[in-house]
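The analysis underlying the following values was restricted to heavy atoms, covering all of them including side chains, and did not include hydrogens, waters or symmetry mates.
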Amino acid sequence: MMRILSEIVVTLSASAVMSLMIKGTAVVAFGLVIAWLARRGRAAVRHALLASAFGVLLALPVVSLIAPPVTISVPVAASDSVILPLFDFILLPPLGQSAPARLGAAPAQQGWPLRSLAATPLSTMVLYGWFVGIALFAIPVIRGLLQVRSLRRFGLPWRHGQAVAERLAPRARRGVEVLLSESVSGPMTCGVLRPVVILPEDAQSWDGKDLERALVHELEHVRRYDWAIHCLARVACAAYWFHPLVWAAWRQLTLEAERSCDDAVLGISEATAYADQLLGLARRRSAVTRSPALAMANRSDLAARIGALLDRRQSRGPVGALLVVACAVAIAIVLAMSPLRMVAAPRSSTPGAVQSIPKWDAVSIRRCTNAPVAPAEGRGAGVSQSPDRQIWNCVHVSTLINQAYSIFAGGQSKLPPYPAPIERLPSWADSERYTIEAKPQGNPGAGLMRGPMLQALLEDRFALKIRRETREGRVYLMTVAKGGSKLLPFQGGCTPFDLVHIAESMPTIQNPCRESHQTKGPNVTIDIPGLDVDSFALYITRQGGFDGPVLNKTGLTGIFHFHLEFLSNSKPGDPGYTAADDPPFPSIFTAMQQQLGLKVEAGKGPREFLMVDHLEKPSEN
């Protein structure tokens, strides 16, 4: 169970969208819980806490983009498989046929087409859906701003109300304008730099005390910058439109803002008199079907406000210095949470494997001053071994890292779906070459010498510090094209082998099938008898020039004969390039669809990266 949870955490963290959703959920849930724990405290304190939570929600995506990532290693069991997003493709049967019983199951008949939505990763679909939702939920915010603009433009100045407001707030730093409008059913405040209090037309007939209480309430909104906080919270709700906790926090925020301003009114009025005024306001608003979209007061919250007014046990007062503390805590949360990223730290399935790794008796390292060109470096060229010696002849350090941490990472040859890209590697690691001659203790075998023992050598002599990181990157999803598969059946004559598990299959195979690989200029022709589709996906990943792993989503089983002619990415001057005047072949994408009936589309999915934190040039001996 813990292994599954660890892999789920790493997979979700690999997606920027899912990671942001998790962090946002944690923030808003924390804010709601703290506000509930402070329910007997001052409303202004709860409002400050919730406002800080919304500030964190808005800052999370921005800081996540600009802040350097802070990785947290999550132990996961070593696995041959690549963790993929859930539901990264959808199978749709032709008309008149039924779908397989299990999503992702192989079709019952060969040629049963896979169509997209096919090959669209979940993370991409979620991202597009998120943006569409933001656009839709931003419409009420924009409409509300336009309504407010109209209210300010067509509202009538009220001199008496202006005089009362100036008397109640004589030292206000911002001049507050008081307007009358027939479009509002109750008092409301808007504006930040030029705040405005808008009253209904019947406010001219209000009792003097009622007018004072209404203006004190609205002036408190102005003093606390509640309009700005309210608008930013609505923007956060539009950005996190799918999240019920965010909407619950927004409603609680608006209620606490009203209760904070109600507490200010109790400084000049009796609670019962103010409660009667709120009841009258509720009756007037019940006759109005719609309120301005960005109005802060909510008719449904009046019962809670009146109950709080009449509760003598309720603490009251402004937030004071706690506002500074809340802002500091919010900033700390943003800085701490935004860059966090969970990465996989694969652990061996055999706990004692690290202790059993043999040691080197002697190691000699020399820099190659006249390094020969090795076109096939990384595929075995420049490496030789005997039972008592291992030699890497004039190879790049990047090649050594790829061997040690990708191909032979587990102590035996295993071709990964795609070599893990090595990041933050110094430039000299790809330009300078070294010859390493090492003598092991005993006879550990080539797999251990090129994998775990080479890792120890690099960490000792090159001061290498490296870690694995899983995050979202480019992948290619291979499905059956619309016209059906064109794969040729295997005719026999040789023994097929499993390229994915080549180390286990090759030693026991007699007369294994051999590939034919021919190049004429940029044109490439490959002919491979006896290969399954998983093995072909691995083969074409490496030979087709893809910048990410090709993942088999065809559902096809069996052994096939693959013949493909395509245009490579090679150009004059590249190792092994030979000039030719032949017409160019189609691109790898077109060739696979036309010649094999296989469609390949780029997408996004979790990828493993090797991150170099430190690397030094070795001392020669």
Side-chain angles (χ1 to χ4, degrees), residues 80-95 97-125 415-418 474-491 496-502 505 513 515 526-566 586-607:
D80 292 341
S81 62
V82 178
I83 302 175
L84 299 175
L86 299 177
F87 313 124
D88 57 359
F89 64 99
I90 296 177
L91 304 181
L92 298 177
L95 293 176
Q97 295 186 23
S98 59
R102 176 176 59 86
L103 183 63
Q109 299 178 1
Q110 184 173 345
W112 190 82
L114 305 172
R115 296 184 296 216
S116 358
L117 300 181
T120 300
L122 176 65
S123 56
T124 302
M125 296 174 65
L415 294 176
Y418 190 80
R474 182 182 292 274
V475 299
Y476 292 87
L477 304 179
M478 183 172 68
T479 60
V480 177
K482 186 176 182 180
S485 169
K486 300 178 182 179
L487 296 180
L488 302 174
F490 175 57
Q491 299 296 330
F497 63 90
D498 184 354
L499 189 58
V500 177
H501 304 94
I502 188 171
S505 61
C513 296
E515 69 162 314
I526 60 173
D527 193 86
I528 318 172
L531 213 60
D532 61 86
V533 183
D534 282 334
S535 295
F536 175 73
L538 175 56
Y539 177 89
I540 204 63
T541 293
R542 294 173 167 273
Q543 300 297 330
F546 292 98
D547 58 350
V550 177
L551 308 176
N552 175 23
K553 297 298 181 182
T554 64
L556 299 176
T557 59
I559 307 299
F560 301 94
H561 187 134
F562 292 88
H563 181 88
L564 187 65
E565 299 176 349
F566 63 95
S587 70
I588 184 68
F589 297 95
T590 303
M592 289 185 64
Q593 184 160 346
Q594 292 179 348
Q595 301 168 29
L596 303 179
L598 301 177
K599 185 177 181 180
V600 178
E601 293 181 317
K604 292 289 186 179
R607 291 271 306 276

Practice problem: Only counting residues at least two apart or in another chain, list the ones meeting side chain to side chain donor-acceptor pair (under 3.5 Å) with Asn552. | Solution: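 Expected list: Asp534, Thr554.
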With the side chain counted from C-beta on, respond yes when [X] and [Y] share a heavy-atom pair under 4.5 Å apart, and no when they do not.
{"X": "Leu551", "Y": "Thr541", "result": "no"}
{"X": "Phe546", "Y": "Val600", "result": "yes"}
{"X": "Leu556", "Y": "Ser485", "result": "yes"}
{"X": "Ile559", "Y": "Leu531", "result": "no"}
{"X": "Ile526", "Y": "Ile540", "result": "yes"}
{"X": "Phe566", "Y": "Pro586", "result": "no"}
{"X": "Pro549", "Y": "Arg607", "result": "yes"}
{"X": "Pro496", "Y": "Phe490", "result": "yes"}

Quiz item: Can you list the residues that meet the side chain to side chain contact (heavy atoms under 4.5 Å, CB included) rule with Leu488, with sequence neighbours excluded?
Solution: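 With sequence neighbours excluded, Leu488 shows a side chain to side chain contact (heavy atoms under 4.5 Å, CB included) to His561, given in chain and number order.
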Practice problem: Check step by step if side chain to side chain contact (heavy atoms under 4.5 Å, CB included) holds for Thr557 and Asp532. | Solution: CA-CA 7 Å; Thr557 59; Asp532 61 86; over 6 Å; no
Quiz item: If you look only at pairs with a residue in residues 588-598, which of them pass as a side-chain hydrogen bond (donor to acceptor under 3.5 Å, both in side chains), with sequence neighbours excluded?
Solution: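 For residues 588-598: Ser587-Thr590.
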Quiz item: Aromatic rings Phe562 and Phe560: how do their planes relate, parallel, tilted or perpendicular, breaks at 30° and 60°?
Solution: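 Geometry flag for Phe560 against Phe562: perpendicular rings.
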Quiz item: Under the criterion side-chain contact (heavy atoms from CB on, under 4.5 Å), which of Lys599, Met592, Glu601 is the partner of Met478?
Solution: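 Result: among Lys599, Met592, Glu601, Met592 is the only option passing the side-chain contact (heavy atoms from CB on, under 4.5 Å) with Met478.
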Self-check item: Spatial distance of atom CD1 (Ile588) from atom CD (Glu565) [nearest 0.5 Å]
Solution: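 If I round to the nearest 0.5 Å, the distance is 11.5 Å.
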Self-check item: Spacing of OG1 belonging to Thr479 relative to CG belonging to Leu598, to within rounding of 0.5 Å
Solution: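 It is 8.0 Å, given to the nearest 0.5 Å.
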Quiz item: Given the rule in the side chain to side chain contact (heavy atoms under 4.5 Å, CB included) test, do Leu477 and Val550 qualify, once you have shown the distances and angles that lead to the verdict?
Solution: CA-CA 6 Å; Leu477 304 179; Val550 177; over 6 Å; no
Quiz item: Taking it one step at a time, do Glu515 and Ile528 satisfy side chain to side chain contact (heavy atoms under 4.5 Å, CB included)?
Solution: CA-CA 5 Å; Glu515 69 162 314; Ile528 318 172; 4.1 Å; yes
